[in-house]
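Notes follow once the structure below has been shown.
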Number of protein chains: 2
Amino acid sequence: MVGMDPDEAVSTIDDMVCFALYAASRAVTSAYRPLLQALNLTYPQYLVMVVLWQRGSITVKDLGDHLQLDYGTLTPLLKRLEAAGLVTRRRRADDERSVEVGLTDEGRELRESTRHIPIAIGDAMGMPEAELSRLRDSLRRLTNNVSTHGSGA
Amino acid sequence: MVGMDPDEAVSTIDDMVCFALYAASRAVTSAYRPLLQALNLTYPQYLVMVVLWQRGSITVKDLGDHLQLDYGTLTPLLKRLEAAGLVTRRRRADDERSVEVGLTDEGRELRESTRHIPIAIGDAMGMPEAELSRLRDSLRRLTNNVSTHGSGA
DNA sequence: CACGAGTAACTTGTGCACAAGTTACTTTGG
DNA sequence: CCAAAGTAACTTGTGCACAAGTTACTCGTG
């Protein structure tokens with residue numbers, strides 16, 4: 001390892017962890033796409049719905065903290081979900097700065113149509129539960145490390 | 001595990017491998033951003049440059065196969081790199097359908113300014129070499145599984 | 001109360017990603 | 001040779017991501 005040919009120090013693109021991550025993320029999103037398209041959802045929209053199905057309602061700020069997405073991404077995305085009749089958006093009475101996002105009946109009902117998705121995806125991933133668990137832990141640690149090290153977000 | 005509360009079957013967003021992947025990918029890209037910004041490159045542009053530094057020149061098609069990106073992404077990206085004076089684009093003489101992407105002198109020289117980046121990123125990731133290697137292997141297998149299973153791409 | 005700091009949300013602009021449709025060139029089979 | 005199939009690249013349109021700037025509201029301090 002030490003003293004490699006300088007031309008190989010960076011190795012090929014296929015040896016870069018960052019590329020493996022970038023490619024895997026897009027590949028998994030692609031696997032979701034046909035399943036979600038049937039429900040007229042994109043992958044980020046699905047993530048928002050998952051949070052809402054769990055929590056019932058949440059401010060845009062808290063949603064951004066959970067998904068690590070900013071307002072520039074969430075505001076238009078939530079407007080599209082609202083236009084699709086799945087969520088509601090209204091200012092909180094006790095703090096007019098905050099917008100509370102909630103589910104419509106249609107949004108709540110949509111959950112039933114997604115029950116098969118985690119199974120289908122887990123199947124497509126084709127990896128034992130233990131390895132997926134290890135992978136998830138590594139990814140979480142990686143995310144924590146680079147985001148605290150980086151710009152101190 | 002078996003027989004969980006149905007409300008918890010999907011678990012929270014934080015338990016989803018796909019979300020860990022999505023968040024990690026964006027976090028790592030964010031770690032690259034300040035380093036690449038100094039060179040006026042985005043992360044996908046940097047990946048293209050890495051391939052070119054390795055191979056010298058390559059057709060858009062082959063570049064797309066390596067990075068798993070389509071023309072809709074690459075064509076405008078390559079035009080921006082060309083406008084920045086880093087790459088050249090010209091039709092191949094032996095097959096006028098193909099466009100060969102090559103490096104300008106400036107593009108070749110830029111490589112020296114990126115030597116510190118892999119070290120800085122490896123540092124920020126803060127994980128032992130062995131774990132990164134295991135992670136990369138899992139990610140590659142995952143990518144292969146979901147892309148062959150999925151739509152048979 | 002007033003005012004300055006802080007905060008939540010929105011807007012604008014740039015650059016990916018990707019689907020779907022188009023154009024130009026090459027190859028194959030009659 | 002020529003038509004049909006195939007291929008490489010481009011274009012258009014939609015939806016993220018994210019930086020930077022703006023607006024509106026809240027809170028703390030004097």
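By convention in this document, chain letters (A, B, ...) are assigned in the order of the sequence lines, proteins followed by strands, and residues within each chain are numbered from 1.
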When the distance from [atom1] of [X] to [atom2] of [N] is rounded to whole Å, what number comes out?
X	N	atom1	atom2	value
B:L74	D:dA8	CG	P	14 Å
A:D70	D:dG21	CG	P	15 Å
B:I58	D:dA8	CD1	P	13 Å
B:R90	D:dA8	CZ	C1'	17 Å
B:Y71	C:dT23	OH	P	18 Å
A:L36	C:dC18	CG	P	14 Å
B:Q68	C:dC16	CD	C1'	16 Å
A:Q45	D:dT14	CD	P	14 Å

#### Entry: Any B:R26 side-chain nitrogen or oxygen under 4.0 Å from OP1 or OP2 of D:dC18
yes
Q. Has A:T75 got a side-chain N or O lying under 4.0 Å from the OP1 or OP2 atom of C:dC10?
A. yes
Side chain of [X], heavy atoms from C-beta onward: which of [options] has the nearest atom to it?
X	options	answer
B:K79	D:dC10, D:dC18, D:dT11	D:dT11
B:R97	D:dT7, D:dC18, C:dC16	D:dT7
B:R33	D:dG15, D:dC18, C:dA24	D:dC18
A:E96	D:dC10, C:dA17, D:dT26	D:dT26
A:R80	D:dT11, D:dG15, C:dA9	D:dG15

**Item:** Donor-acceptor contact below 3.5 Å, side chain A:R91 vs main chain A:V99
**Value:**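 The answer is no, because no donor-acceptor pair under 3.5 Å joins these two groups.
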By the 4.0 Å heavy-atom rule, please label [X] as base, sugar-phosphate, or nothing.
X	value
A:L77	sugar-phosphate
A:T42	sugar-phosphate
B:T73	base
B:R92	nothing

Under 4.5 Å between any side-chain heavy atoms of [X] and [Y], yes or no?
X	Y	answer
B:L110	B:W53	yes
B:L74	B:V48	yes
A:Q68	A:T143	yes
A:T88	A:E82	no

query: Among all residues two or more places apart in sequence or in another chain, which pass the side-chain contact (heavy atoms from CB on, under 4.5 Å) test with A:T59?
result: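 Listed in chain order: A:K61, A:D62, A:R92, A:S98, A:E100.
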Taking for A:V60 and for A:T29 the nucleotide of DNA chain C with the nearest heavy atom, the one nearer the 5' end belongs to A:V60
Map A:L78 and A:A27 onto DNA chain C by nearest heavy atom, then report which one ends up closer to the 5' terminus.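 Its nearest nucleotide being more 5', the pick is A:L78.
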By nearest-nucleotide position on DNA chain D, the 5'-leaning member of A:D95 and A:P44 is A:P44
